[in-house]
Amino acid sequence: MPSAEDGKHLDFIRSIVAEDNRTGKWEGRVETRFPPEPNGYLHIGHAKSIVLNFGVAAENQGCCHLRFDDTNPEKESTEYIEAIKRDVRWFGYDWGEHLYYASDYFDQLFDFAVQLIKAGKAYVCDLSAEETRQYRGTLTEPGRDSPYRQRGAEENLDLFQRMRAGEFENGSRTLRAKIDMAHPNLVMRDPVIYRIKKVPHHRTGDKWCIYPMYDFTHCLSDSIERITHSICTLEFEDNRALYDWVLDQLGVYHPQQIEFARLNLEYTVMSKRILLTLVTEGIVDGWDDPRMPTISGMRRRGFTPESIRTFCEMIGVAKRDSMVDMGKLEWAIRDDLNHRSPRVMAVLEPLKLVIDNYPDGQEEELEAPYYPDDPPKMGYRKVPFAKELYVEREDFMEEPHKKFWRLAPGREVRLRWAYLVTCTGVVKDATGNVLEVHCDYDPATRGGDAPDGRKVKGTIHWVSARHSLPAKVRLYDRLFTVPNPSGTKDGSTFRDHLNLDSLLALEQARVEPSLAQAEPGARYQFERKGYFCVDSKESEPGDLVFNRTVTLRDSWAKMMKKENK
RNA sequence: UGGGGUGUCGUCAAGUGGUAAGACACGGGUCUUUGGAACCCGCAUUCGCAGGUUCGAAUCCUGCCACCCCAGCCA
């Protein structure tokens, strides 16, 4: 993993920072920033940026600012601001005093614009949006100068003041940087730096009716905050020319912009536009739907901040476009949860199991470790055992596959932490569905070990029919059926690739009684089934709801899948 | 046909002229009261392609090819 400590394998950004520290380029300062626009919730792609920016700063005793890039009030809101702060905090990162808003710089930005106008480097343009587009030219043809390009500074100043005063209609005029309409880089063809938008801003109210554009705002915000390394994604590479131009023209402090490849994850989307659509059209149940790749969705799903950080470290930082496979994210969360989750028994799809030779009214309490690999770590709980139990429907096969080691007629298996039982028969309904499985237990095997040393291949989990608690369990699957749902090569859209079975709600699950007081958000391993957490929104003491974070690795399922191909 | 980028194992990703790290995945095995975990072994004669320079090239040169981004008064 890239880190400042091991001194090698630094990713290219950390290498630049290390080199800058060596040469004293920034007097040893390292100041980064995470600059989200509050127009949606943060997702796993933002996590990559957060981990990078806060990580690089921390490794170099620097700091990372949280700055809201709030220059487009039409799409932004305080709800998003609060959600973003909550998510960054959840990761454990601290921006300290460094919470900023681009909107706090509006006055300074306006002054900088005036400075540009006075220097003959910006002008007010009366072209409409459509005309501006036509004058811009194309990828292969140069643009043409706006007829307003030669206005004098005085006139520009007057017009710009009046734009600010609200004298002109939306879209009627813009302030443009005067660069080069024939520039091969389209970004440099006299970019608009201020537009008229007569809409109130969530922080500045109706103080402004003109708002600065990203390219003008971002570099100057970085400059004002004395950022050293302004890290952003690849699609801003062309914008770097303008970033540098603005700061050079104004002669102000000049950070270095560095671009890296954004995260793409298989079977999901990072596009805020699509994510917003999923939410507004009710395709998912809100920004924090556990199927969403949002930080809030993943949190509700049961992911830990540590696992997401590990994942980000696994995938590295580079400049090439990539598509990361889900397996890596799953590995990261399993690895983390494996070490911190108490084991507990839950039967997702119950099948009644009756132990015929177990005394009718009898019951006993069995000791079961919460963490079998190192019992002292988490201790033990009591699990009630009785004549009637529930076991997992799929742990019984009347006509077992040759490699199926679980329950089947005549077969002996171990009930986890309880007894060895041998299947003696089944009860079916008229249509042949198995209603009950009958067994005999071996009283000498209490705890699960046979005194005669005989081995059983299969161990299954169970729950007492009478003592267990009802619970709802939600099984989640990928939201899309194809690795790259937003790829539109064949003209398809994300809508064509929605996985209609991404949510499976099991209403009849039974869990062991120790879970009665499970706290919202608490994480468990349901033995042999996966990692689950108590839903933080809908679970209540008498009405438990669990979300499956991720399954356990399942070599049996893998084998079956391979066989069916 | 303009400009900016990128091409190393199925997927990420090191490597910056001295003879292809690591991780995930995958295959095999050990162990096992989770078909989990853990542990062991294996897994690129080859770095988009073609030439060239060199004792020696993924690394240098030349020419191709492929993919991504840019024509918002979005960020």
Side-chain angles (χ1 to χ4, degrees), chain A residues 1-2 8-11 35-37 39 69 71-72 74-75 125 127-130 132-134 136-143 170-176 183-189 191-197 210-211 213-215 217-218 232-241 259 261 266 272-273 311 313-332 334-335 338-339 343 345 368-369 372-373 403-406 414-418 420 447-449 455-461 525-530 551-559:
Chain A
M1 300 306 107
K8 49 201 307 188
H9 300 333
L10 294 182
D11 58 63
E37 184 192 9
N39 67 344
D69 222 334
T71 57
N72 186 1
E74 282 170 318
K75 294 182 175 171
C125 179
L127 254 24
S128 69
E130 172 61 19
T132 303
R133 192 171 63 74
Q134 286 165 354
R136 188 156 30 228
T138 68
L139 293 178
T140 53
E141 302 155 18
N170 283 345
S172 61
R173 278 178 232 261
T174 56
L175 181 70
R176 295 228 255 163
H183 201 109
N185 179 353
L186 300 241
V187 169
M188 298 296 271
R189 316 242 260 231
V192 170
I193 56 178
Y194 263 93
R195 75 286 216 192
I196 301 170
K197 252 185 212 296
I210 57 172
Y211 293 97
M213 298 285 290
Y214 165 84
D215 286 307
T217 308
H218 202 87
C232 62
T233 44
L234 251 29
E235 65 271 27
F236 291 102
E237 281 180 313
D238 289 341
N239 300 250
R240 189 175 66 237
E259 310 86 12
E266 284 181 342
K272 277 192 184 179
R273 192 199 94 243
F311 168 72
E313 285 163 359
M314 281 173 78
I315 62 177
V317 177
K319 295 197 72 157
R320 70 178 83 115
D321 289 309
S322 57
M323 180 64 72
V324 176
D325 64 280
M326 268 292 184
K328 288 190 176 63
L329 217 208
E330 293 183 351
W331 182 87
R334 278 193 193 110
D335 187 57
N338 175 41
H339 297 287
R343 272 57 171 174
M345 292 194 285
D373 287 346
K403 288 198 172 166
F404 184 81
W405 317 330
R406 284 109 97 155
R414 170 165 37 237
L415 295 176
R416 183 81 156 155
W417 310 123
L420 262 35
D449 280 311
K455 299 289 179 195
V456 294
K457 189 77 169 157
T459 298
I460 65 175
H461 57 99
Q525 185 198 101
F526 286 175
E527 290 211 63
R528 305 206 310 129
K529 299 309 299 182
T551 62
L552 250 29
R553 279 186 61 203
D554 188 346
S555 53
W556 165 251
K558 195 196 292 177
M559 194 174 113

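Residue numbers begin at 1 in each chain, while the letters A, B, ... track the order of the sequences. None of the values given here were measured: they were computed from a predicted structure.
Across all strands shown, A:Leu127 has heavy atoms under 4.0 Å from base atoms, whether or not it also approaches the sugar-phosphate. Residue contacts for A:Asp238: at a heavy-atom cut-off of 4.0 Å it reaches a base atom on one of the strands shown. Backbone-only contact: A:Ala318 has heavy atoms under 4.0 Å from sugar-phosphate atoms and none from a base. Within the nucleic acid shown, A:Tyr194 has no heavy atom closer than 4.0 Å to any nucleic acid atom. A:Asn170 comes within 4.0 angstrom of nothing in the nucleic acid, heavy atoms only. As judged by a 4.0 angstrom heavy-atom cut-off over every strand, A:Asp215 is placed among residues making no nucleic acid contact.
The separation of B:C43 from B:C9, taken at their C1' atoms, amounts to 8 Å, rounded to a whole angstrom. When the P atom is used for both B:C67 and B:G56, the distance is 35 Å, rounded to whole Å. Separation of the C1' atoms belonging to B:U54 and B:A13 is 29 Å when rounded to the nearest angstrom. Only the P atoms considered, B:C61 is 14 Å distant from B:U6, to the nearest whole Å. Taking the C1' atoms as reference points, B:A57 lies 12 Å from B:U46, given to the whole Å. Straight-line distance between the P atoms of B:A20 and B:U59: roughly 14 Å, to the nearest whole Å. For the C1' atoms, the distance from B:U45 to B:G2 is 42 Å, rounded to whole Å. A gap of 30 Å separates the P atoms of B:A25 and B:U19, to the nearest Å.
Under the 4.0 Å criterion applied to side-chain N and carboxylate O atoms, A:Arg133 and A:Glu130 are assigned as salt-bridge partners.
When the P atom of B:G72 is taken as reference, atom CE of A:Met213 falls 11 Å away, rounded to whole Å. Atom CE of A:Met314 and atom P of B:G22 are 15 Å apart (whole Å). Put simply, CE on A:Met188 is 13 Å from C1' on B:G4, counting in whole angstrom units. Atom-to-atom, CG of A:Leu329 to C1' of B:C12 comes out at 13 Å; the value is rounded to the nearest Å. Per the geometry, CG belonging to A:Asp325 stands 13 Å off C1' belonging to B:C9, to the nearest Å. For the pair A:Arg136 CZ and B:G72 P, the computed distance is 5 Å after rounding to whole Å. Here the P atom of nucleotide B:A71 and the CD atom of A:Glu235 are 11 Å apart, to the nearest Å. Straight-line distance from the CD atom of A:Glu141 to the C1' atom of B:C70: 16 Å, rounded to whole Å.
Considering every non-hydrogen atom in both A:Tyr194 and A:Met213, the closest pair reads N-CG, 4.1 Å. Contact between A:Glu259 and A:Lys319 at its shortest, heavy atoms only, is O-CE, 3.7 Å. Of all the heavy atoms in A:Asp69 and A:His218, the pair that sits closest is OD2-ND1, 2.8 Å.
Contact between the side-chain N/O atoms of A:Arg195 and the OP1/OP2 oxygens of B:C74 is found at a separation under 4.0 Å. Between A:Arg320 and B:A13 there is a side-chain N or O to OP1 or OP2 distance below 4.0 Å. Contact annotation: A:Arg240 does not reach the phosphate of B:G3 (side-chain N/O to OP1 or OP2, under 4.0 Å). Close to B:A75, at under 4.0 Å from its OP1 or OP2, lies no side-chain N or O of A:Thr217. Taking side-chain N and O atoms only, A:Lys558 has a distance below 4.0 Å to OP1 or OP2 of B:C26.
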- Contact pattern, 5' to 3', of nucleotides 34-41 of chain B - B, S or - by protein heavy atom under 4.0 Å: BBBS----
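Put simply, the side chain of A:Arg334 gets close to the backbone of A:Thr551: a donor and an acceptor are under 3.5 Å apart. Between the side chain of A:Asp11 and the backbone N or O of A:Gly316 there is no donor-acceptor pair closer than 3.5 Å.
Which of B:C74, B:A14, B:G4 sits closest to the side chain of A:Asn72 comes down to B:C74. In the set B:C12, B:A75, B:A71, the nucleotide with an atom closest to the side chain of A:Ile315 is B:C12.
In terms of position on RNA chain B, the residue among A:Val456 and A:Ser322 whose nearest nucleotide sits closer to the 5' end is A:Ser322.
For B:C39, the paired nucleotide is B:G29, the pair qualifying as Watson-Crick or G-U wobble because both relevant distances are below 3.5 Å. Across every strand in view, B:U6 sits in a pair with B:A66 that passes the Watson-Crick or G-U test at under 3.5 angstrom.
Taking 4.5 Å as the limit, every side-chain heavy atom of A:Asp554 sits out of range of all side-chain heavy atoms of A:Arg528.
Here CG of A:Asn39 is found 3.5 Å from NZ of A:Lys272. Values are rounded to the nearest 0.5 Å.
B:G72: glycosidic angle within 90° of 0, hence syn.
Side-chain atoms of A:Glu235 and A:Thr233 include a donor-acceptor pair closer than 3.5 Å.
Judged by atom type and distance alone, A:Lys319 does not reach the base of B:U6 through any side-chain donor-acceptor pair under 3.5 Å.
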- Task: Could you give me the CA-CA distance, side-chain angles and deciding distance for A:Glu527 and A:Gln525, then say whether side-chain contact (heavy atoms from CB on, under 4.5 Å) is met?
- Result: CA-CA 6 Å; A:Glu527 290 211 63; A:Gln525 185 198 101; 3.9 Å; yes
